[in-house]
Amino acid sequence: MNFETEPALRRGDSVYLVGLNRSLHATSRKSIVTNPYAALNISSADCPRYRATNMEVIELDTGKDVDEVCSKSSISLQWMSQFYTLPDFGSSFSGVLTDEQGRVQAIWGSFSTQLKFGCSTSEDHQFVRGIPVYAVSQVLDKIINGAKGPPLLINGVSRPMPLVRILEVELYPTLLSKARSFALSDHWVQALVRKDPVRRQVLRVKGCLAGSKAENLLEQGDMILAVDKEPGREIDLIVGTDVRDGNGTTRVINWCGCIVQDSHPAVRALGFLPEEGHGVYVARWCHGSPVHRYGLYALQWIVEINGKPTPDLDAFLNVTKELGHGEFVRVKTVHLNGKPRVLTLKQDLHYWPTWELRFDPTSAVWRRETIKGLD
């Protein structure tokens, strides 16, 4: 299978969607690109979780769906789906977009968002869009050709992973016609039109990830006019980038029945971290555990144990290793909404020992080690 990076897809181009249908049968369908530069806008969910940001995706002419065909022909949806493969570009049909020669031009991938109904009800929703190959080809080429970075075991082969520098800022596009009302000068409008006559837009700052090098430098609503002085600048700022190895979370600790870890990007994207050294983030809790009985739930940071700061996982382990079985522990937490709280719980090392889970990229294996329990 060949991957093509150029030329990029344009509005009106014909593509073939190749993938698996609901019956897991290989299927291909022809469609037309309706928007090759659709800005992805996925709001934060009730609980912090991964969401795609700063992405342009491809939208296709999906044609008539099963429900429309059935309603016009008075045929039941269940009966129709058993015998006919109608155009299905929903979440059950992912794959790749290719040209007539079979060269992959985009990944037809699934995204998740949360739709809110009324004041409190929300429901998960999946949809699919095209991810242009050029968005991943540069990193893929470095992996294939050998990059300088930490090794990762992929299909039994250890490959060095490239370290990627990213600007930890969430952006959204604004049409240049609207940007004029936000005091964008005619000079910049013309410069951006010359730079990209197709999109005719400027990127604006929606928010910075907490703890990033861009925090306190870029503000909500700022317009990103240039990078490395191309095509020019009105305000010159030096903003640092953050290095990521692509592994994500590689270490978690289970203490008294709660899962703690470093604050992952979805949490930091909310724009807030505790002042007390950021703390360790409680991602999950177990029913019947000490944290459940004493009310230490998820979506908060543990910043102190018995008055001792726990700014990171190492400090958290050093403090909790000294705690004995049946000992009462005073815990200070900070919630996602910024509210602090102090509670006391009783440690149970018999049924809820402290253990650590680490990911080893050289073997692609998670390893569990008991830190403290009853002999």
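Keep in mind it's a predicted model, so treat the numbers as computed, not measured. The figures here come from the full heavy-atom set of this structure, side chains too, leaving out hydrogens, waters and symmetry mates. Just so you know, residue 1 is the first one in the sequence shown, and it goes up from there.
A salt bridge is defined here as a Lys NZ or Arg NE, NH1 or NH2 lying under 4.0 Å from an Asp or Glu carboxylate O, and Glu168 with Lys213 fails to meet this definition. A salt bridge does not link Arg330 with Glu304: none of the charged nitrogens is closer than 4.0 Å to a carboxylate oxygen. Using a cutoff of 4.0 Å between basic side-chain nitrogens and carboxylate oxygens, Glu369 and Arg367 are not scored as salt-bridged. A salt bridge links Asp124 with Arg49: the distance from a Lys NZ or Arg NE/NH1/NH2 to an Asp or Glu carboxylate oxygen falls below 4.0 Å. Between Arg129 and Glu59 there is a salt bridge, since a side-chain N of the basic residue sits under 4.0 Å from a carboxylate O of the acidic one.
In the hydrophobic clustering of this structure, Leu217 groups with Ile224; members are Ile, Leu, Val, Met, Phe, Trp, Tyr whose side-chain heavy atoms approach within less than 4.5 Å, directly or through other members. Ile131 and Leu40 end up in the same hydrophobic cluster when Ile, Leu, Val, Met, Phe, Trp and Tyr side chains are linked at under 4.5 Å. No path of Ile, Leu, Val, Met, Phe, Trp and Tyr side chains, each step under 4.5 Å between heavy atoms, connects Tyr50 with Leu270, placing them in separate hydrophobic clusters. When the side chains of ILVMFWY residues are joined at heavy-atom separations under 4.5 Å, either directly or via intervening members, Val164 and Leu152 end up in a single hydrophobic cluster. The cluster map of Ile, Leu, Val, Met, Phe, Trp and Tyr, joined by side-chain heavy atoms under 4.5 Å apart, puts Val303 and Phe272 in the same cluster.
The closest side-chain heavy-atom distance from Pro48 to Tyr281 is below 4.5 Å. Annotation: side chain of Ile42 is in contact with side chain of Phe127 (closest heavy-atom distance under 4.5 Å). Looking at heavy atoms from C-beta onward, Val189 lies in side-chain contact with Leu184 at the 4.5 angstrom threshold. At a threshold of 4.5 Å between non-hydrogen side-chain atoms, the residues Pro132 and Glu56 do not count as touching. Between Gln114 and Asp46, some side-chain heavy-atom pair lies under the 4.5 Å cut-off. Using a 4.5 Å cut-off on side-chain heavy atoms (C-beta onward), Met55 and Phe111 make contact. You'll find the side chain of Arg103 stays beyond 4.5 Å of the side chain of Val96, heavy atoms only. Looking at heavy atoms from C-beta onward, Phe182 lies in side-chain contact with Met223 at the 4.5 angstrom threshold.
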Worked verdict on Val169 versus Leu167 for side chain to side chain contact (heavy atoms under 4.5 Å, CB included): CA-CA 6 Å; Val169 177; Leu167 185 66; 3.7 Å; yes

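Asn254 contributes atom CG, which lies 7.5 Å from atom OG1 of Thr354 (distance to the nearest 0.5 angstrom). Taking NZ of Lys30 as the start and CG of Asp61 as the end, the distance is 12.5 Å to the nearest 0.5 Å. Between Arg341 atom CZ and His335 atom NE2 the span is 9.0 Å, to the nearest 0.5 Å. The distance from atom OH of Tyr16 to atom OG1 of Thr98, rounded to the nearest 0.5 Å, is 8.0 Å. Taking CD1 from Ile58 and CD from Gln105, the interatomic distance works out to 8.0 Å, rounded to the nearest 0.5 Å.
Looking at Asp99, its side chain never comes within 3.5 Å of a backbone N or O of Val15 through a donor-acceptor pair. Put simply, the side chain of Ser181 never gets that close to the backbone of Ala179: no donor and acceptor are under 3.5 Å apart. Formation of a donor-acceptor pair under 3.5 Å by the Arg204 side chain with backbone atoms of Gly221 is found in this model. Although no hydrogens or angles enter the test, the distance criterion places a donor-acceptor pair under 3.5 Å between the side chain of Arg200 and the main chain of Pro197. No donor-acceptor pair closer than 3.5 Å links the side chain of Asp13 to the backbone N or O of Leu9. A donor-acceptor distance shorter than 3.5 angstrom exists from the side chain of Asn318 to the backbone of Asp314, with no hydrogens or angles considered. With hydrogens and angles disregarded, a donor-acceptor distance shorter than 3.5 Å links the side chain of Asp222 to the backbone of Glu219. Of the possible polar contacts, one joining the Arg268 side chain to the Ala210 backbone as a donor-acceptor pair under 3.5 Å is found. One N or O on the side chain of Arg293 and one on the backbone of Gly288 form a donor-acceptor pair closer than 3.5 Å. Looking at His125, its side chain never comes within 3.5 Å of a backbone N or O of Leu115 through a donor-acceptor pair.
Qualifying salt bridge (Lys or Arg N to Asp or Glu O under 4.0 Å) partners for Glu170, counting only residues two or more places apart in sequence or in other chains: Arg51, Lys206.
Side chains of Ser112 and Gln126: no donor on one and acceptor on the other come within 3.5 Å. Side-chain polar atoms of Asp360 and Ser363 form a donor-acceptor pair below 3.5 angstrom. Between the side chains of Thr333 and Gln300, a donor-acceptor pair is found at a separation under 3.5 Å. A side-chain donor-acceptor contact under 3.5 Å links Trp301 and Ser263.
In this structure, Leu323 shares a hydrophobic cluster with Ile253, Trp255, Val260, Val280, Val282, Trp285, Val291, Tyr294, Leu296, Tyr297, Ile302, Ile305, Leu313, Phe316, Leu317, Val319, Phe328, Val329, Val331, Leu343, Leu345, Ile371, the cluster being traced through Ile, Leu, Val, Met, Phe, Trp and Tyr side chains under 4.5 angstrom apart.
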